[in-house]
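Working notes for the structure below.
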Amino acid sequence: MRLKGERVLYVSGSDEHGTPIEVEALRLKVPPRKLTDENHAKVKELFDRWHISFDNYTRTESPIHVEFVRDFYLKVYRNGYVFTREEELPYCPKCRRFLPDRFVQGVCPRCGYPEAYGDQCPTCGAPLDPRELGSPHCTICGSTPEVRATKHWYFDLPSFTEKLEKYVEGNPRLPENARNFSLRLIREGLKPRSLTRDIGWGIPAPFPGAEGKTIYVWMEAVLGYISATIEYFRLRGEEERWREFWFDGARVVFFIGKDNIPFHTIILPALLMATGEGYELPWTVSSTEFLMFEGKKFSKSQRIGVWIDEALEMFPADYWRYTLLSIRPEVRDTNFTWELFLEKVNSDLNDTIGNFVHRALTFLCKYFNCRVPAPSTLDDYDRRMLEEIEKAKKEFDSLLHQMRIQQAVQVVADLLRKANKYFNDKEPWRGGVQASSTLNVSMRVVAALTVLLEPLIPETAEALRKQLKLSLAEALEKPVEGLEVEKPKPLFRKISREELAEKGGAEAGVTPQDVAKLGLRVARIIGVEEVPKARKLYKLRLDLGGGLTKQTVAGLKEYYSPEELLGKLVVVVSNMKPAKLMGVNSEVMLLAASEEGKVAILVPEKPVKPGSRIF
RNA sequence: AGCGGGGUGGGGUAGCCAGGUUAACCCGCGGGGCUCAUAACCCCGAGAGCCGUGGUUCAAAUCCACGCCCCGCUACCA
């Protein structure tokens, strides 16, 4: 859109508040701000290196954001959409804090599940009030909380029900997943959303009498889009211009995953309505499904996925960008596999796109002295090819406007396939007057690429323009005739399976070395203990031979008694990275087979010494 | 369990909301062509009738109902 000369402002930011960060900071005994400072700097730098062209990437600790949020909620408050409730909430005398949401556990009053959370029971799904929990305890220190009265501020979401329904229904641009999900939530009945929390890390609530409370992170972070806009213009000394992007016909578009839909289609619009100031409501959201990694969901703790800093050390950003855009989960969940990565890079980028460019440029230099000739005469085929270029540009543009980026990528690749065919059919290497037309037309394809690739793979687009000695502005307008190009260099290179394996991209299929890496060993169970408060877990002491013992936590309590386990020889992965489960250290992993309702631990078929290697 | 989203040739994606000529595209596979290009490129071919069942309709991959299966969110899955 920027290329088309539309006025675009692209903003985002780090969401820095919330209890998890405060708890992590407590654990590390550092101020929370130190954690978020480090993180924000790192993330910001990475966005640059990936050429994600935010105009402003801000953070919720920004003073401008804090000030904006406080003002914003004061307005909402004055308009009568904020009310208070006295509540009795669990308070931990030892930690000297109230225990919101997940910080208190106890017996579920509905199904009797012993470890239900303060806000919801994970087993029966019942939404809970923390006071209903039987024998509650603090999840931080385990002590029994007392009930103390406190006051909380709420946003009157239900009073916007009708307007929201109208908004969602009347916005045909919303993708299906967003519309259906939002309408369901609205029709099921909206509840007031709590605005404040009794925690220290966050934005101080501005309401009279709310000293010491902070704004609930979710209700504040969504406003960051606006404060980021304000900040952008304030830094330029154009104090008021941010309004151009939030009022009077501005089109606000969000790029989010499907898990974030309600915040952008319900809560944010309601908050904007509540100011009564006439903010533009979201024009649309581009809400994708989920991307998976080799069939599994990405997981930070389990290290499933490729870290974006590591990815850049393996391959250029554009290789990733192209692959990821071409499987952007626009219609359904999609799955990244290394196999797919190879296919996209080698076949699409290298063979189809890169090779055509190189082919045309090399030919040009060899037979036309690197100078783009004027066409001799254009025959039907030439004209058809020129039409294809125009058609592709139009489609590309229209698809991007519909946020169908995946298909836009298709259009580019398809155009290049047609171009390859055209070049083949025309056989310019046979010489003849037609050759100049063919090269002229082919170079127009290349010229179109320098622009089409810009939003998808900007580094490559830039490199290509350099070979054509074109600036971005010239690429948009200048005709190709007479253009003198540099001696061509390939834009991409293929990735071999060997290279991929070396760089750590898992290959399909496991080698004996991979198995050896697992460190499978026999161990003897020499101690079984229950883990306090855990329904399924045992703490096991294991003899790994040579005087070495390790401990593990295993989910076997429902299937084995301590007596059955004690003394058994079992199979373990001995070189696991230690992890904590229910606060208990687990250093190895015990292997067991499982099927529905049944678990069987693996044991050696005849006695061997603990510590024996397994191949 | 509850809530969302799905099941389309061997693999991967689109098409479904706005039903309608031989179900599209990429990879892979079999055969052939070209030699300008990065062992690239081009052509031909085999291969699915769109999870199942029933319905609506002149007409359904596309709409409706039921069933089966998958995936995400919610978890102490070591």
Side-chain angles (χ1 to χ4, degrees), chain A residues 111 113 115 117 119-127 172 175-177 179-181 184-185 188 257-259 261 289-290 292 295-297 302 326-335 337 339-340 342-344 346-348 350-352 354-367 404 406-407 409-410 413-414 416-417 419-431 435 438-439 442 488-494 531 533-540 551-557 572-573 576-592 594 599:
Chain A
C111 68
Y113 180 68
E115 300 296 337
Y117 289 109
D119 54 350
Q120 197 192 26
C121 171
T123 303
C124 68
E176 244 172 307
N177 61 0
R179 178 205 318 287
N180 292 341
F181 190 56
R184 264 191 37 82
L185 289 179
E188 271 178 9
K258 63 180 167 188
D259 50 337
I261 289 171
E289 302 291 311
F290 289 137
M292 305 203 288
K296 295 183 209 143
K297 90 176 177 158
Q302 293 178 58
S326 71
I327 57 166
R328 187 170 181 261
E330 287 164 3
V331 177
R332 66 182 85 189
D333 293 352
T334 59
N335 187 19
T337 62
E339 202 53 45
L340 181 93
L342 289 180
E343 180 188 322
K344 291 293 171 189
N346 290 345
S347 178
D348 272 28
N350 188 75
D351 293 350
T352 304
N355 182 54
F356 179 79
V357 170
H358 193 250
R359 189 184 191 187
L361 291 179
T362 309
F363 196 98
L364 193 69
C365 284
K366 206 153 152 189
Y367 295 90
R404 301 303 295 265
Q406 190 200 102
Q407 298 209 67
V409 172
Q410 268 310 323
D414 283 344
L416 271 287
R417 284 185 197 102
N420 266 314
K421 175 172 166 49
Y422 166 82
F423 203 93
N424 258 49
D425 292 345
K426 282 289 199 168
E427 304 182 316
W429 53 90
R430 303 215 153 174
T438 304
L439 263 292
S442 297
K489 286 190 291 284
L491 292 171
F492 311 102
R493 59 184 180 75
K494 285 203 176 194
V531 176
K533 292 186 294 178
R535 190 163 55 92
K536 301 190 197 170
L537 301 180
Y538 281 133
K539 184 164 92 181
L540 303 177
Q551 99 178 5
T552 185
V553 178
L556 296 173
K557 198 158 147 190
V572 298
V573 182
M576 296 296 292
K577 200 152 74 179
K580 270 203 173 161
L581 268 160
M582 296 294 285
V584 183
N585 223 21
S586 184
E587 304 165 308
V588 303
M589 182 171 174
L590 191 150
L591 298 185
S594 75
V599 166

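A note on names: the letters A, B, ... follow the listed sequences, proteins ahead of strands, and every chain is numbered from 1.
- Annotated as syn: rG49(B), whose O4'-C1'-N torsion sits within 90° of 0.
- Where stacking is scored as ring centres under 5.5 Å apart with planes under 30°, W429(A) registers as stacked on the base of rC36(B).
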Just the atom pairs and distances: protein N or O near nucleotides 42-44 of chain B's N or O, under 3.5 Å.
| unit_1 | atom_1 | unit_2 | atom_2 | d |
| --- | --- | --- | --- | --- |
| rC42(B) | O4' | N424(A) | ND2 | 2.7 |

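- Residue contacts shown for N355(A) include a base, since a base heavy atom lies under 4.0 Å away.
- I327(A) has its CD1 atom 16 Å from the C1' atom of rC25(B), to the nearest Å.
- Shown here, rA60(B) forms no base pair; nothing in the strands shown gives a Watson-Crick or G-U wobble contact with both key distances under 3.5 Å.
- In this structure a side-chain-to-backbone donor-acceptor pair under 3.5 Å is present from T352(A) to S347(A).
- As rounded to the nearest Å, rA48(B) and rG72(B) have P atoms that lie 31 Å from one another.
- A heavy-atom distance below 4.5 Å is not found between the side chains of L416(A) and D414(A).
- Heavy atoms of L364(A) sit nowhere under 4.0 angstrom from any nucleic acid atom.
- Summarising the base pairing, rA78(B) is matched to no nucleotide, lacking a Watson-Crick or G-U wobble pair whose two defining distances lie under 3.5 Å.
- Within the nucleic acid shown, P428(A) has no heavy atom closer than 4.0 Å to any nucleic acid atom.
- Nucleotides rC41(B) and rC58(B) place their C1' atoms 47 Å apart, quoted to the nearest Å.
- The heavy-atom pair separating R359(A) from N420(A) by the smallest distance is NH1-OD1, 2.8 Å.
- A distance of about 9 Å separates the C1' atoms of rG20(B) and rA60(B), rounded to the whole Å.
- N346(A) is linked by a side-chain contact (heavy atoms from CB on, under 4.5 Å) to L342(A), K494(A), I495(A), counting only residues two or more places apart in sequence or in another chain.
- Atom C1' of nucleotide rC27(B) and atom CG of N346(A) are separated by 11 Å, given to the nearest angstrom.
- Under the Watson-Crick or G-U wobble criterion, with both distances below 3.5 Å, rU13(B) is paired with rA24(B).
- Protein atom CG of N350(A) is 11 Å distant from nucleotide atom C1' of rA39(B), rounded to whole Å.
- Here the CG atom belonging to L491(A) is positioned 8.5 Å from the NE2 atom belonging to H358(A), to the nearest 0.5 angstrom.
- Spacing between rC34(B) and rG47(B) at atom C1', rounded to whole Å, works out to 27 Å.
- Counting all heavy atoms, side chain and backbone alike, S442(A) lies closest to Y422(A) at OG-CE2, 3.8 Å.
- rC69(B) and rA59(B) have their P atoms separated by 32 Å, with the value rounded to a whole Å.
- Here rU38(B) presents its P atom at 13 Å from NZ of K494(A), a figure rounded to the nearest Å.
- Nearest heavy-atom pair across P488(A) and L361(A) is CB-CB, 3.6 Å.
- Using the Watson-Crick or G-U wobble rule with both distances under 3.5 Å, rG4(B) pairs with rC71(B).
- Comparing rG15(B), rU38(B), rC25(B) by their nearest atom to the side chain of Q407(A) picks out rG15(B).
- The minimum heavy-atom distance linking T438(A) with P428(A) is given by the pair CG2-CG, 4.0 Å.
- The separation of rG6(B) from rC64(B), taken at their P atoms, amounts to 11 Å, rounded to a whole angstrom.
- A salt bridge is absent between R417(A) and D351(A); no separation between the charged side-chain nitrogens and carboxylate oxygens falls under 4.0 Å.
- Across all non-hydrogen atoms, the minimal contact from F423(A) to W429(A) is O-CZ3, 3.7 Å.
- Here the separation of rU21(B) from rC29(B), taken at their C1' atoms, is 30 Å to the nearest Å.
- Between F492(A) and R430(A), it is R430(A) whose nearest contact on RNA chain B lies nearer the 5' terminus.
- The residue among K366(A) and R404(A) whose nearest nucleotide of RNA chain B is located toward the 5' end is R404(A).
- The nearest whole Å value for the distance from the CD atom in Q410(A) to the P atom in rC27(B) is 10 Å.
- Phosphate proximity of rC27(B) to S347(A): present, with a side-chain N or O under 4.0 Å from OP1 or OP2.
- The side chain of L340(A) has rG12(B) as its nearest neighbour among rC25(B), rU38(B), rG12(B).
- Note: CG (D351(A)) to P (rA39(B)) measures 9 Å, nearest angstrom.
- Remark: Q406(A) is in phosphate contact with rA14(B), judged by side-chain N or O atoms under 4.0 Å from OP1 or OP2.
- The nucleotide rA65(B) finds its pairing partner in rU53(B), both defining distances of the Watson-Crick or G-U wobble pair being shorter than 3.5 Å.
- Using a 4.0 Å heavy-atom distance criterion, E343(A) is classed as a base contact.
- Nucleotides rA61(B) and rG7(B), compared at atom C1', are 12 Å apart to the nearest Å.
- The interatomic distance linking K344(A) (NZ) with rA14(B) (C1') rounds to 11 Å, in whole Å.
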